[in-house]
Undergrad: 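Before anything else, here's the structure in question.
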Amino acid sequence: MIALDDVSKRYPNGTFALRDVDLRIDSGDFIFLVGASGAGKSTLIRLLIREELATTGRVVVDGEDVGRMPRSRVHRLRRKVGVVFQDFKLLPRKTVAENVAFALIVTGHEGRLVREETERALSLVGLTARRDHFPSQLSGGEQQRTAIARALVNRPRILIADEPTGNLDPVTSWEIIKLLTRINDLGTTLVMATHNAEIVNALRRRVVHLDHGMVVRDEREGLYAA
Ligand SMILES: Nc1ncnc2c1ncn2[C@@H]1O[C@H](COP(=O)(O)OP(=O)(O)O)[C@@H](O)[C@H]1O
Ligand SMILES: [Mg+2]
């Protein structure tokens, strides 16, 4: 589903964010991408959605070489790969339902399909009752669930979460993790960057550990000693 072959990323200022990364993620996998702040987790994620290009090496997502893909195909890539972030990135003047529907509208959908798919995504994350609230009227966990619904509304094959619990208290973090594991159980490949050792160690999924841009450990049912 995802393959990185000998990928390095050097930013224009000279920083090497990734070095010789080889990684294969199968369809249906759930992986934790762990490592200290600055280890390269977000950079790896940006390469997967072509927000950045690898300096050397090859990034393949769902059979497509992301670095060589023409610009016109990037939209299609972003429909296949949903992303959620630590800071939710919701549109403050749109309601929960409008935030979710917007992701469909910008990909060219309209009418009944938008209404039905929006309600499906809201129901999946348990936010049907909050559909007409604005982000400022929601708790942090509800805001993150809105972001997850928005990421899922295009039915992506892959969901990427970059520190999705970074702004949440422990109880709310667990609710989000339970939701992400349920989404994975329904067949979506899941990649989650985190430095929350407690969550990683409780779930015992695959753990890919980055340190200074290098993969230093890659274990099934792994642990994370931060
Ligand atoms: N746009 C950028 N320009 C220059 N350096 C960057 C940029 N983004 C990240 N970096 C650097 O790349 C390294 C990896 O950062 P990042 O991928 O954000 O790590 P993480 O998400 O694990 O904290 C860090 O040294 C960071 O300072
Ligand atoms: Mg990061």
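Atoms within each ligand, like the ligands themselves, are counted from 1 in listed order. Residue numbers run from 1 in the order of the sequence given. The figures here come from the full heavy-atom set of this structure, side chains too, leaving out hydrogens, waters and symmetry mates.
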Undergrad: To which of G38, G213, P12 does the heavy atom nearest atom 24 (C) of ligand 1 belong?
TA: G38
Undergrad: I need the F85 CZ to L90 CG distance, nearest 0.5 Å.
TA: 11.5 Å
Undergrad: To which of T15, L18, L47 does the heavy atom nearest atom 11 (C) of ligand 1 belong?
TA: T15
Undergrad: Is the backbone N or O of D20 less than 3.5 Å from a side-chain atom of S8, with the two atoms forming a donor-acceptor pair by type?
TA: yes
Undergrad: Considering only heavy atoms, which of G40, G14, S42 lies nearest to atom 21 (O) of ligand 1?
TA: S42
Undergrad: Keeping to residues at least two apart or across chains, list the salt bridge (charged side-chain N to carboxylate O under 4.0 Å, His left out) pairs with something in residues 145-156.
TA: E117-R155
Undergrad: Can you confirm, on distance only, whether ligand 1 has an N/O atom lying under 3.5 Å from any N/O atom belonging to E52?
TA: no
Undergrad: A36 heavy atoms, cut-off 4.0 Å: which ligand 1 atoms fall inside?
TA: 22 (O)
Undergrad: Can a protein heavy atom be found under 4.0 Å away from atom 2 (C) of ligand 1?
TA: yes
Undergrad: Using a strict threshold of under 4.0 Å (side-chain N to carboxylate O), is an ion pair present between R206 and E221?
TA: no
Undergrad: Among protein heavy atoms, which sits nearest to atom 10 (N) of ligand 1, and what does the distance come to when rounded to 0.1 Å?
TA: Y11 CE1, 3.4 Å
Undergrad: Begin with the C-alpha distance, continue with both residues' side-chain angles, and end with the deciding distance and a verdict on salt bridge (Lys or Arg N to Asp or Glu O under 4.0 Å) for D185 and K178.
TA: CA-CA 10 Å; D185 289 340; K178 266 190 271 167; over 6 Å; no
Undergrad: For R120, I'd like to know if atom CZ has over 12 heavy atoms of other residues, nucleotides or ligands within 6.0 Å.
TA: yes
Undergrad: How close does the nearest protein non-hydrogen atom get to atom 16 (P) of ligand 1, and which residue and atom is it?
TA: T43 OG1, 3.7 Å
Undergrad: Any side-chain heavy atom of R205 sitting closer than 4.5 Å to one from N184?
TA: yes
Undergrad: Could you tell me, atom by atom, which parts of ligand 1 come under 4.0 Å of a heavy atom of A17?
TA: 12 (O), 13 (C), 14 (C)
Undergrad: So is G35 touching ligand 1 or not, going by heavy atoms under 4.0 Å?
TA: no
Undergrad: How long is the gap from CG on L33 to OH on Y224, to the nearest 0.5 Å?
TA: 10.0 Å
Undergrad: Does NZ or CZ of K94 fall inside the cone over F102's six-membered ring, less than 6.0 Å from its centre and within 45° of the axis?
TA: yes
Undergrad: Can you tell me how far NE2 of H212 sits from CZ of R19, rounded to the nearest 0.5 angstrom?
TA: 8.0 Å
Undergrad: Please determine whether any non-hydrogen atom of E163 lies less than 4.0 Å from an atom of ligand 1.
TA: no
Undergrad: For atom 27 (O) of ligand 1, decide whether some protein heavy-atom distance is shorter than 4.0 Å.
TA: no
Undergrad: Hey, could you give me the NE2/CD distance between H133 and Q143, rounded to the nearest 0.5 Å?
TA: 12.0 Å
Undergrad: Salt bridge between D162 and K41, side-chain N to carboxylate O under 4.0 Å?
TA: no
Undergrad: For the Mg ion (ligand 2), check which protein N, O or S atoms are under 2.8 Å away and list them.
TA: S42 OG
Undergrad: Could you list which atoms of ligand 1 come closer than 4.0 Å to a heavy atom of R46?
TA: 8 (N)
